Asks: 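Got a structure for you, questions after.
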Amino acid sequence: MDARWKLRRVYGADHDDPDPGPQPGHDYAELVGGALDGLLVDITGRTPEERSGGLALTTEIGRFGPGGRACYAPRPGDPHLWDWEGDAP
């Protein structure tokens with residue numbers, strides 16, 4: 001696990017979770033830009049094909065408000081950084 005991520009919050013962790021950070025044995029990507037900038041997303045168990053397709057993550061703070069999604073895809077050349085591609089309803 002990347003040492004700089006130890007104190008970061010993982011997407012989907014409850015705000016009152018006493019340990020919202022990354023867990024040993026998991027693989028994470030850092031979200032860059034958009035509403036979820038700076039969070040980590042757990043990509044453990046995803047195949048390379050699944051990872052290349054990116055993710056649409058539910059968020060209340062994106063362009064479409066509650067129920068909207070922030071779309072992220074792996075950065076070419078650095079698969080542990082996922083760039084924001086826009087918001088979707």
Side-chain angles (χ1 to χ4, degrees):
M1 177 185 323
D2 192 319
R4 65 190 166 112
W5 289 352
K6 288 187 178 188
L7 300 176
R8 305 286 287 284
R9 194 166 79 81
V10 174
Y11 170 82
D14 290 334
H15 290 285
D16 58 353
D17 187 333
D19 187 12
Q23 301 299 311
H26 288 247
D27 195 17
Y28 295 93
E30 179 180 357
L31 302 175
V32 180
L36 304 175
D37 183 53
L39 293 179
L40 301 178
V41 63
D42 190 343
I43 55 174
T44 305
R46 293 185 178 272
T47 66
E49 293 79 23
E50 291 170 329
R51 290 180 185 194
S52 69
L55 294 170
L57 303 168
T58 303
T59 180
E60 297 180 2
I61 57 175
R63 177 178 175 202
F64 295 97
R69 298 183 181 277
C71 302
Y72 290 86
R75 181 179 291 177
D78 191 344
H80 284 95
L81 293 177
W82 287 32
D83 293 313
W84 177 66
E85 295 190 320
D87 292 333

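The structure displayed is predicted, hence computed values, not measured ones. Just so you know, these numbers use all the heavy atoms, side chains as well, and skip hydrogens, waters and symmetry mates.
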Asks: Does some side-chain heavy atom of Y28 sit less than 4.5 Å from a side-chain heavy atom of V10?
Replies: yes
Asks: Would you check if L55 and R46 make a side-chain contact, meaning some heavy-atom pair closer than 4.5 Å?
Replies: yes
Asks: Could you tell me which residues satisfy side chain to side chain donor-acceptor pair (under 3.5 Å) with T58, sequence neighbours excluded, listed by chain and number?
Replies: R69
Asks: Mark yes or no for whether R51, through its side chain, and I43, through its backbone, hold a donor-acceptor pair below 3.5 Å.
Replies: yes
Asks: Spell out, yes or no, whether W82 and L39 are grouped together once hydrophobic residues are joined by side-chain heavy atoms under 4.5 Å, including indirect joins.
Replies: yes
Asks: Closest approach of T44 and G25, non-hydrogen atoms and distance?
Replies: CG2-O, 4.4 Å
Asks: Would a 4.5 Å heavy-atom cut-off, applied to side chains only, mark H80 and D27 as touching?
Replies: yes
Asks: Does R75 have any side chain to side chain donor-acceptor pair (under 3.5 Å) partners at least two apart in sequence or in another chain, and if so, which?
Replies: D83
Asks: Please tell me if the side chains of Y11 and L57 come closer than 4.5 Å, counting only heavy atoms from C-beta onward.
Replies: yes
Asks: Looking at every heavy atom in both G33 and W84, which two are closest together, and how far apart are they?
Replies: C-CB, 3.6 Å
Asks: Taking the side chain as C-beta and beyond, is there a heavy-atom pair between L36 and Y72 under 4.5 Å?
Replies: yes
Asks: Taking atom CZ of R8 and atom CG of L31, what is their separation to the nearest 0.5 Å?
Replies: 9.0 Å
Asks: Give me the atom names and distance for the closest heavy-atom approach of L40 to P22.
Replies: CD1-CG, 3.9 Å
Asks: Which heavy atom of C71 sits nearest a heavy atom of A88, and at what distance?
Replies: SG-CB, 4.1 Å
